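First the structure, in the form of structure tokens, and then the observations on it.
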Amino acid sequence: MAAVMGEPPGAVSLQSFRDAFAAVPMPVAVVTALADDRPHGTTVSSFCSLSAQPPLVMVALDHGSSTLRAVRETAQMGINVLAAGQEGLARVCATKALGKLDGADWSPAGGLPRLDGAAVWLGCALQECHTAGDHVILVGLVVEADVAPAVPLLYHRRDFGAPGRFRPETAAQP
């Protein structure tokens with residue numbers, strides 16, 4: 001299929017796609033991996049099926065991501081669902097800057113950087129990688145799962161907040 005200006009014929013515009021998903025409250029997740037003796041991480045929208053056997057998660061990382069390189073090198077990744085109050089960390093991890101986790105508090109967990117204070121932690125063994133557009137879709141087998149007594153951070157209508165904070169009449173418009 002030929003691409004015009006980066007979008008295949010028939011595809012919606014990137015802006016339309018972003019507007020549609022900005023309207024859906026999603027947990028803020030950071031994929032982490034350890035390489036070169038330092039933590040790497042980036043925000044993602046992760047997807048899973050609660051009935052999948054075995055338990056699997058799927059994330060998409062940009063081809064140029066240092067986190068993708070680290071996941072491929074180590075064949076494992078962590079999924080950290082951030083907690084309310086970790087908006088600053090979410091904003092840093094959403095950038096393309098190198099060394100995003102240099103100042104972050106984290107602990108080693110099975111060879112992975114586990115972000116301190118995260119609401120949910122999943123340790124995953126890399127199962128599959130699939131090139132899709134300018135990203136690579138990673139499928140991870142969940143080998144560790146832990147839930148903290150924290151409220152998850154959500155991203156909704158291009159803003160961060162805790163569940164219950166977002167109401168239709170007060171939410172920022174896309």
Side-chain angles (χ1 to χ4, degrees), residues 21 24-130 132 135-156 158-166:
F21 273 87
V24 179
M26 293 186 189
V28 179
V30 175
V31 171
T32 56
L34 195 60
D36 307 321
D37 295 322
R38 67 188 300 181
H40 297 264
T42 193
T43 55
V44 296
S45 295
S46 59
F47 299 94
C48 66
S49 170
L50 297 179
S51 63
Q53 284 298 328
L56 300 168
V57 293
M58 178 189 75
V59 297
L61 298 179
D62 185 279
H63 280 286
S65 167
S66 67
T67 305
L68 174 61
R69 182 183 54 78
V71 170
R72 284 182 156 164
E73 284 178 13
T74 62
Q76 59 181 356
M77 64 183 168
I79 307 287
N80 301 262
V81 176
L82 299 184
Q86 292 185 302
E87 293 87 348
L89 181 57
R91 290 182 199 290
V92 169
C93 287
T95 69
K96 294 191 182 285
L98 294 175
K100 294 183 261 189
L101 295 180
D102 286 351
D105 293 327
W106 62 278
S107 305
L112 291 165
R114 180 176 175 169
L115 298 174
D116 293 352
V120 174
W121 161 255
L122 301 174
C124 303
L126 184 61
Q127 296 294 290
E128 299 177 29
C129 297
H130 301 277
H135 279 58
V136 175
I137 296 171
L138 305 174
V139 178
L141 172 70
V142 179
V143 296
E144 183 181 355
D146 187 34
V147 178
V151 174
L153 179 65
L154 297 181
Y155 184 73
H156 183 230
R158 295 182 175 84
D159 196 10
F160 296 107
R165 175 179 176 264
F166 300 110

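In this text, all values refer to a predicted model and were calculated from it rather than measured experimentally.
- Screening Leu141, Val139, Leu56 for a side chain to side chain contact (heavy atoms under 4.5 Å, CB included) involving Glu128 leaves a single residue, Val139.
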Could you list the donor-acceptor pairs under 3.5 angstrom formed by side chains in residues 97-108, with sequence neighbours left out?
residue, atom, partner, partner atom, Å
Lys100, NZ, Gly41, O, 3.3
Lys100, NZ, Thr42, OG1, 3.3
Lys100, NZ, Cys93, O, 3.2
Lys100, NZ, Thr95, O, 2.7
Asp102, OD1, Arg38, NH2, 2.7
Asp102, OD2, Arg38, NH2, 2.7
Ser107, OG, Asp116, OD1, 3.0

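- Between His40 and Ala70, the shortest heavy-atom contact is CD2-CB, 4.0 Å.
- When side chains are defined from C-beta on, Ile79 counts as touching Cys124, because their heavy atoms get closer than 4.5 Å.
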field: side chain to side chain contact (heavy atoms under 4.5 Å, CB included) between Trp121 and Leu112, intermediate numbers included
entry: CA-CA 11 Å; Trp121 161 255; Leu112 291 165; 3.8 Å; yes

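- Counting all heavy atoms, side chain and backbone alike, Gln76 lies closest to Gly110 at OE1-O, 3.4 Å.
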Mind listing the side-chain donor-acceptor pairs of residues 26-34 below 3.5 Å, one per line with the distance, residues two or more places apart or on another chain?
residue, atom, partner, partner atom, Å
Thr32, OG1, Asn80, ND2, 3.1
Thr32, OG1, Pro113, O, 2.6

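- The only member of Asp62, Leu68, Val59, Val71 that meets side chain to side chain contact (heavy atoms under 4.5 Å, CB included) when paired with Val136 is Leu68.
- Judged by distance alone, the side chain of Gln86 and the main-chain N or O of Ala84 form no donor-acceptor pair under 3.5 Å.
- In terms of heavy-atom proximity, Ala150 sits nearest to Ala83 at CB-CB, 3.8 Å.
- Shown here are the salt bridge (charged side-chain N to carboxylate O under 4.0 Å, His left out) partners of Asp36, two or more places apart in sequence or in another chain: Arg69.
- The distance from atom CG of Leu138 to atom NE2 of His130, rounded to the nearest 0.5 Å, is 9.0 Å.
- Nearest heavy atom pair, residue Glu73 against residue Ala35, reads OE1-CB, 3.7 Å.
- Atom CE of Met58 and atom OG of Ser49 lie 11.0 Å apart (nearest 0.5 Å).
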